[in-house]
Protein chains: 2
Amino acid sequence: MKEKEIILAARKRFAYYGFSKVTMDEIAADIGMAKASLYYYFPTKVDLFIAVVTEEQDQFIEKINRILQAKTSATDKLQQYVSERLGHFETFINLAKLSFQAIQELKPLFADLHKNFSEREHELLAGIIRDGMNNGEFKPGEPEKTATLILHVLHGLRIRRYAFIKDFHFDDTLHQQIRDEMLQVLDMLLDGLRAD
Amino acid sequence: MKEKEIILAARKRFAYYGFSKVTMDEIAADIGMAKASLYYYFPTKVDLFIAVVTEEQDQFIEKINRILQAKTSATDKLQQYVSERLGHFETFINLAKLSFQAIQELKPLFADLHKNFSEREHELLAGIIRDGMNNGEFKPGEPEKTATLILHVLHGLRIRRYAFIKDFHFDDTLHQQIRDEMLQVLDMLLDGLRAD
DNA sequence: TTTCGACTATTAAAGTAAATGCGTCGAATA
DNA sequence: TATTCGACGCATTTACTTTAATAGTCGAAA
């Protein structure tokens, strides 16, 4: 399948050089095509990038769905979600390699992409929390609202560290620090949620 | 006192135009001095800016100390802190009017300023939490660590919204939204802290 | 000690030209 | 008909130069 091949080649280049530095000529040359042929499959460079990111998101959502099927506590599920989500965040940053400002400026182009993903993510999280409330692990409440707050807190914890990063890559130490902190905060939040 | 007069004039200009756009000539002219005379009192433009920000910080810390003296619950104190802290954050953003990137680049110049303020703030918060633990309002634990986590969560919640702001000013609606969300998150966090 | 006019060094902004890269199109090919 | 691509247009970016603005300095005056 040509599209898959293009996406793979693009992914490789984006992951190494970032969105801006990679040219369509390079991607084409990597798979023995002419640049113009890429446009037969993807109308713009951004569309190609979106296709790459969408694949990542789909894989992430699949992974979380597998976590959902497991017979573990809601707390376990949330902890696993936190870890996986951080990895996914780092992957996106690595692919784009854009400054915070540049991402905001490109945001309109990605609007649907982000909206869809956020909604799916919110549903998944609300589902975990609702199950926890239904099976007595958590106190009764509003799972949707709780999910929103948790998502915003986690997002803030990522952003506040990412914003200080200069060269767009996460080393293991930083990854560990952010993950640990997120798990600690999740623990505090869940302390208030757990049924007595 | 000449220094106070200069700081006041500078504050006015910074608050309206932001750090970068204000010239030392303008500040001097506003109070009928020559620019060279400003350098008699403040060695650099950044030092003048730091003096302005330090005044804001001192006033904020004083306000929080007053809150500390009140005979209210630790929860009340934390809620008031959250509100005041957001106002203080907005004041700084308004004074600087720098993009997120520009702030990071200037950060080394402000290193001591931020370090001092962060430490003072952390002490105050840990103090509130320690009192809450000592008087039985909160479960026993590590007040310092809890304070750190709360500060990071609140910082993240501010940053994730501030980063999307284009023109460096907060309208009342946005202020209200961020404040409400912070108070809700604080409530969740305190649910887990409160003694049963 | 305080003030400031005149000055220097540096930075920012503006202008210009060349290069680059996205995207297009008609023709060729399978 | 579907796919490929060479050549091209055009907008943007980059590189370089020039000009203007601004932070900071210094010696002299008050």
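Being a predicted model, the structure only gives us computed values, none of them experimental. Order of the sequence lines fixes the chain letters, A, B, ..., with proteins taken first and strands second; residue numbering starts at 1 for each chain.
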Looking at B/Glu90 and B/Arg179, does any basic side-chain N land under 4.0 Å from a carboxylate oxygen?
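Looking at B/Glu90 and B/Arg179, the cut-off is not met.
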Between A/Glu144 and A/Arg130, does at least one N-O distance fall below 4.0 Å, as a salt bridge requires?
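A salt bridge links A/Glu144 with A/Arg130.
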Against B/Ile178, only a single residue in B/Val82, B/Leu86, B/Leu154 fulfils side chain to side chain contact (heavy atoms under 4.5 Å, CB included); can you say which?
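The residue from B/Val82, B/Leu86, B/Leu154 that satisfies side chain to side chain contact (heavy atoms under 4.5 Å, CB included) with B/Ile178 turns out to be B/Leu86.
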Under 4.0 Å from any atom of DNA chain D, heavy atoms only: list the residues of residues 29-48 of chain A that qualify, in numerical order.
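Listed by number, they are A/Met33, A/Ala34, A/Ala36, A/Ser37, A/Tyr40, A/Tyr41.
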Output the residues of residues 11-28 of chain B in contact with DNA chain D, where contact means a heavy atom of the residue under 4.0 Å from an atom of the strand; sort by number or write none.
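Of all residues in residues 11-28 of chain B, the ones placing a heavy atom under 4.0 Å from DNA chain D are B/Val22, B/Thr23, B/Met24.
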Within a strict 4.5 Å, meaning less than it, do heavy atoms of the B/Leu157 and B/Arg160 side chains meet?
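Yes; the side chains approach each other to less than 4.5 Å.
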Are the side chains of B/Glu5 and B/Tyr41 in touch, meaning some heavy atoms are under 4.5 Å apart?
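Side chain of B/Glu5 against side chain of B/Tyr41, heavy atoms only: no contact under 4.5 Å found.
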Who passes salt bridge (charged side-chain N to carboxylate O under 4.0 Å, His left out) against [X], sequence neighbours left out?
X: B/Asp30; value: B/Arg13
X: A/Asp58; value: A/Arg120
X: A/Glu3; value: none

Which is the 5'-most and which the 3'-most nucleotide of DNA chain D that has an atom under 4.0 Å from a heavy atom of chain B?
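The protein-touched segment is D/dT22 to D/dC26.
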Any donor-acceptor pair under 3.5 Å linking the side-chain atoms of A/Asn94 with those of A/Thr91?
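Absent: no donor and acceptor within the cut-off.
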Short question: side chain of A/Lys97, backbone of A/Phe19 - any donor-acceptor pair under 3.5 Å?
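Checked: no pair found.
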